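Okay, so here's the structure we're looking at.
Naming: A, B, ... by sequence-line order, numbering from 1 per chain. It should be emphasised that the depicted structure is a prediction, and the values quoted were computed from it without experimental measurement. Scope of the values below: all heavy atoms of this structure, side chains included, with no hydrogens, waters or symmetry mates.
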Amino acid sequence: MKENYYSTEQLLMFYRKMVLIREFEERVKFLFLEGTMPGTIHQYQGQEACAVGVCSALKKGDIITTTHRPHGHCIAMGMDIKSMMAELFGKVTGCCRGKGGSMHMGDIEKGVVPGIAIVGGGIPIATGIGFGFKMKNMPNVAVCFMGDGATNEGTFHESLNMASVWNLPVIYVVENNLYGASTHVSLVMKVEKISERASAYRIPGITIDGNDVIKVYETAMEAVEKARSGGGPTLIELLTYRITGHSRRDPAAYQPPEEKKKALENEPIKKFTSFLLSRGVSKEIIESIREEVKIEIEEAVKYAMESEYPLPEDTLNDLFA
Amino acid sequence: MKENYYSTEQLLMFYRKMVLIREFEERVKFLFLEGTMPGTIHQYQGQEACAVGVCSALKKGDIITTTHRPHGHCIAMGMDIKSMMAELFGKVTGCCRGKGGSMHMGDIEKGVVPGIAIVGGGIPIATGIGFGFKMKNMPNVAVCFMGDGATNEGTFHESLNMASVWNLPVIYVVENNLYGASTHVSLVMKVEKISERASAYRIPGITIDGNDVIKVYETAMEAVEKARSGGGPTLIELLTYRITGHSRRDPAAYQPPEEKKKALENEPIKKFTSFLLSRGVSKEIIESIREEVKIEIEEAVKYAMESEYPLPEDTLNDLFA
Amino acid sequence: MARLTIAEALREAIREEMRRDENVYCIGEDIGIPGGWGGAFTVTLGLEKEFPDRIINTPISEAGFFGVALGSSLIGLRPIIDVQYGDFLFCAMDQIANQIAKLRYMSGGKVKIPIVIRAPVGVTGRGAQHSQMMEPFFHCLPGIKIVVPATAYDAKGLLKTAVRDDNPVLIFEHKLLYGAKGVRSESGSIDASSEIPEEEYTIPFGKAVVRKQGKDITIIATLLMMYRAYEAAQILEEQGISVEVIDPRSLVPFDWETVKKSIAKTGRVVIVEESPRRGGIGAEIAATIAEEMLDFLIAPVRRIAAPDTPAPFSPVMEKFYVPSTERIVQTVKEIINISS
Amino acid sequence: MARLTIAEALREAIREEMRRDENVYCIGEDIGIPGGWGGAFTVTLGLEKEFPDRIINTPISEAGFFGVALGSSLIGLRPIIDVQYGDFLFCAMDQIANQIAKLRYMSGGKVKIPIVIRAPVGVTGRGAQHSQMMEPFFHCLPGIKIVVPATAYDAKGLLKTAVRDDNPVLIFEHKLLYGAKGVRSESGSIDASSEIPEEEYTIPFGKAVVRKQGKDITIIATLLMMYRAYEAAQILEEQGISVEVIDPRSLVPFDWETVKKSIAKTGRVVIVEESPRRGGIGAEIAATIAEEMLDFLIAPVRRIAAPDTPAPFSPVMEKFYVPSTERIVQTVKEIINISS
Ligand SMILES: Cc1ncc(C[n+]2csc(CCOP(=O)(O)OP(=O)(O)O)c2C)c(N)n1
Ligand SMILES: Cc1ncc(C[n+]2csc(CCOP(=O)(O)OP(=O)(O)O)c2C)c(N)n1
Ligand SMILES: [Mg+2]
Ligand SMILES: [Mg+2]
């Protein structure tokens with residue numbers, strides 16, 4: 001960790017984003033459980049360092065694809081949480097005008113392709129964005145977020161192979177949270193590190209602690225710079241943990257208590273808070289950020305709740321350009 | 001090569017099968033080009049050592065899947081060439097009663113699943129056969145033949161991963177003939193050896209000369225025995241060459257003359273003939289086998305030509321059991 | 001007799017068939033993980049305890065495990081494939097449409113493909129990729145039977161028949177009809193539970209059920225739409241319009257006899273479907289009626305369907321998207337008006 | 001004016017569009033390999049010489065390269081995807097049906113998906129996995145337009161329109177109509193070539209062509225079936241039956257106006273299709289006519305289609321499978337007989 005190179009400002013920016021994701025998700029969970037919010041949700045608690053570390057390494061014009069679990073990535077890319085919250089409520093002010101919902105959240109203006117909720121479905125798409133950048137000679141990169149489970153889909157294989165053959169500016173980020181839905185990763189693959197799979201395409205594969213936001217940022221930065229300068233794709237595996245259910249009201253009873261406990265000790269915000277304190281950042285500042293964030297979220301909730309629903313007939317719009 | 005362990009009889013059996021495939025294919029090509037035979041064809045000339053070497057390592061009850069290029073595998077598994085020829089002519093005496101044609105040739109009684117002409121489509125199916133053998137505690141193995149091109153399909157990845165996780169008795173045989181249709185393998189993957197891909201699933205991967213029938217046989221034998229005794233899957237890459245067009249009347253103008261020439265020098269039957277001669281087998285014996293084979297093929301052609309066509313209304317049969 | 005939900009009835013059917021025939025097994029994602037949910041809608045919940053080796057949890061590899069099921073069926077196993085949402089059938093589409101549905105035919109009838117595919121459908125608050133009615137995509141595919149059970153009784157009997165059938169059978173189950181419980185319960189659900197007899201039973205394919213007798217008009221509807229049609233029929237009854245409601249229960253094979261008998265009586269027909277109108281199941285039904293029953297019709301055939309768009313997320317739009325009881329009531333009245 | 005085959009006309013359209021707009025590119029297997037064939041049916045033959053960086057030869061990874069095309073379209077590229085046989089669309093079905101067709105809608109209209117997919121169809125001596133008519137599988141899918149050019153003139157004009165459309169467009173091309181030459185020529189081919197004007201032209205979607213005027217009966221048919229219908233019409237003409245032949249040219253959007261005008265005149269309609277009858281395009285056409293034109297019909301709507309099986313290989317069975325000119329003639333006569 002080149003932690004000494006970071007200004008307090010930058011560190012607090014990481015912190016703020018991670019907390020924004022966490023608090024957003026906790027608020028959404030509450031709204032969902034109390035029945036105020038429709039639909040289904042897949043949440044990001046515990047993985048905040050992944051989204052924030054990676055997305056902080058990107059520039060305007062870079063584009064990410066996300067999954068059924070998109071909220072964290074959207075926030076990390078700087079999407080407006082008002083429009084996100086409104087989307088979750090199915091309001092016309094939502095980032096997809098209420099057509100998408102939780103799983104399809106995105107905003108291409110902010111570099112986020114609407115969430116692809118078919119596991120593995122986004123991998124070729126991100127590859128194609130990188131392909132486009134290269135064909136158009138644009139100085140941008142594409143980042144493809146996926147889970148451990150997604151690496152067993154055929155699209156993973158096809159995509160990484162093409163990115164390799166065509167030397168595309170794409171970073172494949174695998175957030176290995178140990179589970180695909182209820183299934184532990186050890187039940188569905190034999191490699192020790194998912195990054196080993198990169199060698200089948202002769203691209204570099206790296207595995208790091210995905211709960212260490214600075215480590216994630218630096219690793220992403222390196223891969224991004226490499227890709228941006230024509231060095232081709234990288235596969236980055238981030239070791240992390242989902243400290244909430246897979247979806248909706250899932251109690252995640254398949255996660256052993258010991259494992260959960262350890263994960264909670266190691267969760268990224270707690271970890272980063274200790275680090276900030278050790279760097280001399282005051283508790284007050286940290287607290288104040290949390291408070292600010294909560295206010296911002298309440299505003300988003302208010303905005304969402306007060307927003308209009310689409311008209312029923314809006315169903316018929318937006319199919320064709 | 002443990003060539004000294006082989007009886008002349010066994011060696012001549014290899015030879016006979018390879019020549020049977022070669023002559024069958026040459027005859028089919030002629031019939032097709034002169035317009036006597038309908039449909040389209042993908043032929044096996046040049047790859048005979050692969051089918052013969054691998055299939056000779058199998059026992060009754062073992063099952064293979066084949067591809068759009070199935071004739072060689074069918075013959076190597078001992079299918080009746082009369083029923084094969086009849087199938088090519090669309091006759092009711094064909095192995096699929098005229099419903100399948102060249103690309104879907106097979107005979108489950110002989111351990112050949114009807115050819116799967118969707119590239120990569122057979123890989124999960126072979127995996128499932130191995131899965132079934134294991135679930136039913138049967139002492140059999142499944143062999144999945146595929147081309148180099150097929151290893152870029154997502155099904156390759158999904159299948160090898162499952163075979164690894166469940167430790168299935170499946171041998172994945174990649175016949176690397178340097179081309180997928182007109183596309184050279186170097187244009188579509190960066191690995192040097194396709195067998196490198198096995199490591200992404202933690203299964204053994206081997207690359208050998210696929211034009212050396214004895215080497216192929218021995219390698220297959222080892223993998224088969226391992227699988228049969230619970231040792232799990234193996235990926236075998238056989239280096240070979242297609243010395244005919246990809247399909248139909250393809251002149252294969254994309255194959256550089258130098259490459260073709262070298263391949264012809266190295267083709268498996270020529271190679272094995274020299275070996276037989278060096279082992280003291282007489283030219284006469286070799287010639288006589290070739291003659292026998294030709295007679296057998298002419299009988300098959302006669303049988304096929306004299307066989308009845310299905311009734312038009314037979315179209316409506318065989319959909320449901 | 002016990003009252004079971006569809007999820008429970010399916011589970012019982014699977015359990016009974018697995019006990020009866022050791023070649024039957026289940027394969028899919030998250031179907032038998034201790035502490036998990038028994039698949040996305042609890043159908044296989046707990047079965048791994050009785051059949052530890054025959055409830056197979058797979059990697060997220062749909063094309064792969066559909067192919068595995070197919071391969072295993074070639075040597076006599078009888079897989080029941082579980083896909084978490086019907087929408088994911090597209091990920092395995094080559095295996096289903098090019099392999100499973102065709103292999104027997106291509107072989108000249110020499111292989112058998114005894115495979116059951118279970119897939120949840122229904123427009124239920126999840127947006128475009130988790131809502132599709134998948135029937136139209138398979139209805140036009142020769143080589144596969146299609147079953148659509150709307151009650152727990154039918155679900156059990158039809159699934160048992162499917163498992164015993166030597167051919168591929170696709171069962172579409174509706175998310176709002178499962179009656180899945182606890183953390184997997186579904187908002188907006190409808191009670192589709194039935195009294196399930198103690199004794200074993202199966203239900204043949206191709207036999208429709210007349211859910212309600214009537215004489216003025218025939219409504220054909222499956223799954224959730226059957227309930228809406230039934231509700232509409234009751235409302236209409238009070239207004240003096242006598243509606244016959246037919247639930248085909250299987251789409252392939254299809255019980256034309258029951259449908260024709262009904263139309264011969266009523267002379268009017270409405271097909272209600274949850275999928276987009278263009279190319280839906282209703283098209284085939286309407287077309288066949290137009291071909292074979294023109295002389296009986298006293299009013300044009302009508303289809304009530306979703307619009308030709310994907311499913312939107314927002315509840316407001318979703319409500320507009322899925323045909324409602326009111327829409328059915330209104331359409332029936334229109335038809336009666338123009339034709340009496 | 002030059003007389004071009006469909007393969008040549010498509011090639012010209014692609015060349016012109018690639019010259020006009022540098023965002024247009026082609027992607028597929030074996031489409032631009034020196035010494036190769038320009039795709040399975042020569043459509044892109046030689047284009048790699050003029051556009052070395054924009055004719056992209058892919059690995060055999062259909063799901064993958066369809067997704068690549070989609071991704072690239074999100075940043076303004078306009079891919080033309082080549083799939084060697086329509087049957088392989090199933091390998092990319094998730095990318096097509098769940099992603100390409102839905103992404104714009106899901107985004108609330110915020111992204112554009114200008115993608116063209118070109119896919120050969122037709123029952124042509126290759127057996128079940130290389131013969132399917134794929135239209136029914138996509139006709140029921142909202143979010144994608146479908147074009148079916150039967151002549152070189154239409155192929156060129158419709159492809160150019162497709163490339164300029166900001167939405168996904170699927171073009172089904174018939175193997176027996178390409179007029180591919182040399183080693184890629186196809187036995188049983190029909191001449192579908194046209195005089196192609198020097199000047200540029202495009203053809204709007206949703207505009208049918210009346211291939212032959214008539215007053216007794218309307219036949220609707222596309223691709224190869226259009227030629228058979230036309231031939232049947234000529235035979236019938238000689239026997240005193242006046243047949244109107246309509247070629248819709250695009251299925252989505254569909255030119256109901258032309259069809260309705262014709263039926264209003266003839267009162268009789270036959271739909272001919274090469275795909276299996278159940279759930280085919282004909283079902284939707286027949287159903288819509290039954291709903292909206294019942295009063296005009298003086299005979300039941302009839303569909304002539306392939307049976308509900310995969311395509312068999314043997315020429316004898318294949319001939320039985322695909323609707324023939326004779327079958328059309330005979331069916332029309334039956335209809336005329338029962339209704340005059
Ligand atoms: C093709 C497909 N199969 C199955 C699912 C159902 N599903 C949704 S999320 C999920 C688990 C994904 O695991 P992983 O990729 O590790 O991502 P995570 O949920 O852990 O973020 C599954 C099986 C799906 N959405 N798409
Ligand atoms: C899914 C799919 N894509 C494309 C094709 C067309 N096709 C038939 S054979 C072939 C090349 C296959 O290459 P390889 O796997 O190396 O086998 P080989 O032909 O060399 O035996 C292609 C592209 C197909 N049949 N299936
Ligand atoms: Mg995971
Ligand atoms: Mg090859």
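Between T315(A) and T309(C) the shortest side-chain heavy-atom distance falls below 4.5 Å. Between S247(A) and R126(C), the closest side-chain pair of non-hydrogen atoms is not below 4.5 Å. Inter-residue side-chain proximity for D250(A) and W37(C) is flagged as met; some heavy-atom pair is nearer than 4.5 Å. Proximity of L319(A) to P310(C): side-chain heavy atoms (C-beta onward) are separated by under 4.5 Å at one or more points. In this structure, the side chains of Q129(C) and M103(A) stay at 4.5 Å or more apart for every pair of heavy atoms. Two residues are said to be in side-chain contact when any heavy atoms from C-beta on lie closer than 4.5 Å; P38(A) and F313(C) meet this criterion.
Interface remark: of the candidates G127(C), A40(C), S185(C), S185(C) forms the most heavy-atom pairs closer than 4.5 Å to chain A. Heavy-atom pairs under 4.5 Å with chain C peak, among I41(A), I118(A), I116(A), at I118(A). Considering only heavy-atom pairs separated by less than 4.5 Å from chain C, the leading option among F156(A), F89(A), Y254(A) is Y254(A).
Between the side chains of S182(A) and D30(C), at least one donor N or O lies within less than 3.5 Å of an accepting N or O.
Using a 4.0 Å cut-off between a side-chain N of Lys or Arg and a carboxylate O of Asp or Glu, E186(C) and R248(A) qualify as a salt bridge.
Looking at Q84(C), neither its backbone nor its side chain comes within 4.5 Å of chain A, counting heavy atoms on both sides. Contact of P315(C) with chain A is made through the side chain alone, with heavy-atom distances under 4.5 Å. For a residue to count as touching a neighbouring chain, one of its non-hydrogen atoms must lie under 4.5 Å from one of that chain's; by this rule L316(A) touches chain C with backbone and side chain alike. Only the side chain of H246(A) comes within contact range of chain C, with at least one heavy atom under 4.5 Å from a heavy atom of that chain.
Heavy atoms of other residues, nucleotides or ligands lying less than 6.0 angstrom from CD of E308(A) number 12 at most. Counted within 6.0 Å of NZ on K29(A), heavy atoms from surrounding residues, nucleotides or ligands total more than 12; the atom is thus considered enclosed. By the neighbour-count criterion of 12 heavy atoms within 6.0 Å, atom NZ of K262(A) is sparsely surrounded, having that number or fewer from other residues, nucleotides or ligands. More than 12 non-hydrogen atoms from other residues, nucleotides or ligands lie less than 6.0 angstrom from CD of E34(A).
When each of T151(A), T183(A), N152(A) is tested with P59(C) by the rule side-chain contact (heavy atoms from CB on, under 4.5 Å), just one qualifies, namely N152(A).
Across every non-hydrogen atom of V316(C) and P310(A), the tightest pair is CG1-O, 3.5 Å.
Between the OG atom in S314(C) and the NZ atom in K91(A) there is a gap of 8.5 Å [rounded to 0.5 Å].
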M317(C) and E313(A): CA distance, side-chain angles, deciding distance, side-chain contact (heavy atoms from CB on, under 4.5 Å) verdict: CA-CA 7 Å; M317(C) 292 191 281; E313(A) 308 80 50; over 6 Å; no
